[in-house]
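Here is the structure we will look at, set down as structure tokens.
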Amino acid sequence: MRCYVFPGQGIQKKGMGRSLFGRFPDLRRRADQVLGYSIEELCLENPERRLSETVYAQPAIYVVNALHWSAAQEDLPPADFFVGHSLGEYSALFAAGAFDFEGGLTLVRRRAELMSQVGGGAMAAVVGVSEQIVEEALKQHGATGVVIANYNAPEQFVLSGSHEDLARIKPAFEKVEGVRGFIPVRVSGPFHSPAMAPAAARFRDLLASVDLAELRTPVISNVTGRPFGPDPQDVRDLLAEQISKPVRWTDSIRYLRDAGVSVFTELGESKVLTPLIDRITTAPEPASDPRRDLIERIKREILQPEIGDEALGFDEDASFRQLGLNSIIYVRLARRAGTVFGVPVKPDVIFQHRSCAALADYLLTRDDIAGAAAPEAPPAPLREYQDERVTALLHDCANGTLTVDRTIGAIRALA
């Protein structure tokens, strides 16, 4: 199976698309009409170094990606999947038929304007160490305002936060054993972080009035690492969330690999994603950490139904009282924990072990819960199902990673 891959912001450079503007003059003309300026001049001449600005870089990348997709349609075999990194997701959705060229460019232009209005932040890549080491270093140095924004590869992550915090932790990270680099990223704000929530909210309002067509080819969402469902509202919600949520690139590529994709073709002149994909597809699966898995289960299956997606980013050592679920918080969480694990859990247990981490440690000591807390072997129908892609989706539904509605939608998209 074959997947075409679209890069995002950071690849912009003077001269990009030079060989394609003359080959596809209609796209060039249509882009000029939407943008009100010459896209060819912007890309080939880079007047006043505008490609370094988000409001110009994002539309330029979308247009050049569209030119490469037009060439791929003439020169390459059809795709079984599409995926795009951050901004590149819009190119993937355009290729899959979610919107026409002008519709996608209009969305990208507005997205760029909203994101550029959020200042005071930056991004930096950390290369050479695991997610756990990155998280521990952030916690050790009190960088509570810095988050992992891009999970690019098993040992490459992009951090998002304020200029001050990133500058402060740079020397600390450079001293961490195994770190091969702490590298600034060419963007103008703290993208894919909670600081972008106001931009995401305004973009959500815009998306509410946008018509989206059914996808002709499955597209992987950066937010979930799984295919978009067929419901247009699902696509709108995930596009809005993507602005302030991390890009789960590693999860996306692992899903595609497990779905049977053996050929990944990056469309563009700068092959920045290809080496990341190679590292993801050749790296061994991380060893399971029962405690970490249980903490994530508590967030996903006990907290998330009560407070929504905010639970997924809840500090594992923070008190449940911070959730603001009024005076019956411990009763509600105890009731849900009992439902999740299939055994009675008293409210005073939740009160005494009042954080995700403490509750997980307690649950792991209980014989009647330890078995329920551990991932179970899939039932026979899952093991015997012939389509590996559907099997993966059913597993995600069974363990709570995907909702039933999204699972059904993803299976329909595969069909």
Side-chain angles (χ1 to χ4, degrees), residues 8-10 85-86 121-187 189-196 222-225 242-254 272-273 275-300 309-318 355-357 360 401:
Q9 193 166 350
H85 190 283
S86 188
M123 302 178 78
V126 178
V127 182
V129 291
S130 68
E131 174 188 350
Q132 181 179 357
I133 292 175
V134 172
E135 292 281 13
E136 289 174 353
L138 290 174
K139 188 173 183 179
Q140 179 182 354
H141 296 284
T144 55
V146 178
V147 298
I148 297 179
N150 296 356
Y151 294 79
N152 281 344
E155 293 187 347
Q156 181 173 323
F157 305 88
V158 175
L159 305 181
S160 187
S162 69
H163 285 285
E164 295 76 14
D165 277 345
L166 289 175
R168 178 175 64 83
I169 64 175
K170 182 177 186 290
F173 266 93
E174 290 175 336
K175 294 177 182 177
V176 173
E177 183 178 358
V179 170
R180 299 194 300 272
F182 190 97
I183 308 158
V185 178
R186 292 192 298 165
V187 295
F191 299 164
H192 303 295
S193 76
M196 302 301 295
N222 285 180
V223 175
T224 65
Q242 191 228 55
I243 291 177
S244 59
K245 294 288 183 68
V247 173
R248 299 196 173 277
W249 188 249
T250 299
D251 289 345
S252 299
I253 300 305
R254 282 178 174 158
V272 295
L273 298 176
L276 296 180
I277 293 170
D278 290 342
R279 281 150 59 185
I280 295 167
T281 55
T282 58
E285 288 287 348
S288 178
D289 180 345
R291 181 176 183 273
R292 173 58 50 191
D293 292 344
L294 186 51
I295 289 172
E296 293 304 316
R297 247 192 113 180
I298 291 169
K299 291 182 180 182
R300 187 176 63 245
D309 289 345
E310 179 184 342
L312 301 180
F314 189 66
D315 189 327
E316 65 186 53
D317 293 314
S355 70
C356 294
T401 302

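Remark: Ser86 engages His192 in a side-chain hydrogen bond (donor to acceptor under 3.5 Å, both in side chains) (not counting sequence neighbours). Phe314 pairs by the ring-ring contact (aromatic ring centres under 6.0 Å, His included) definition with nothing, not counting sequence neighbours. The side-chain contact (heavy atoms from CB on, under 4.5 Å) test applied to Ala153 returns Gln156, Leu276, Arg279, Ile280, not counting sequence neighbours. For Asp251, the salt bridge (charged side-chain N to carboxylate O under 4.0 Å, His left out) test picks out no residue, with sequence neighbours left out. In terms of the ring-ring contact (aromatic ring centres under 6.0 Å, His included) criterion, residue partners of His85 (sequence neighbours excluded) are, by chain and number, Trp249. Applying the side-chain contact (heavy atoms from CB on, under 4.5 Å) criterion to Ser244, with sequence neighbours excluded, gives Met196, Ala200. By the side-chain hydrogen bond (donor to acceptor under 3.5 Å, both in side chains) test, Glu316 pairs with Arg292, sequence neighbours left out. Qualifying side-chain hydrogen bond (donor to acceptor under 3.5 Å, both in side chains) partners for Arg291, counting only residues two or more places apart in sequence or in other chains: Asp361. With sequence neighbours excluded, no residue forms a side-chain hydrogen bond (donor to acceptor under 3.5 Å, both in side chains) with Asp315.
Note that OG of Ser355 and CD1 of Ile298 are 8.5 Å apart. Values are rounded to the nearest 0.5 Å. If you take OG1 on Thr282 and CD1 on Ile277, they are separated by 11.5 Å, rounding to the nearest 0.5 Å.
When atom types are taken as modelled, the side chain of Ser252 and the backbone of Asn222 share no donor-acceptor pair closer than 3.5 angstrom.
Of all heavy-atom pairs spanning Ser193 and Pro190, the tightest one is OG-O, 2.7 Å.
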Would you please test Ile148 and Leu159 for side chain to side chain contact (heavy atoms under 4.5 Å, CB included) and show each step? CA-CA 5 Å; Ile148 297 179; Leu159 305 181; 4.0 Å; yes
For side chain to side chain contact (heavy atoms under 4.5 Å, CB included), just list the numbers for Ile169 and Phe182, CA-CA rounded to whole Å, side-chain angles, deciding distance to a tenth of an Å, and then say yes or no. CA-CA 10 Å; Ile169 64 175; Phe182 190 97; 4.1 Å; yes
Name every donor-acceptor pair, under 3.5 Å, that has one atom in a side chain of residues 132-143 and the other anywhere in the protein, sequence neighbours excluded.
unit_1 : atom_1 : unit_2 : atom_2 : d
Gln132 : NE2    : Glu136 : OE2    : 3.1
Lys139 : NZ     : Asp317 : OD2    : 2.3

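Side-chain contact check for Ser162 versus Arg168: every heavy-atom pair is 4.5 Å or farther apart.
Note on residues 170-180: pairs passing side chain to side chain donor-acceptor pair (under 3.5 Å), not counting sequence neighbours, are Lys170-Glu174.
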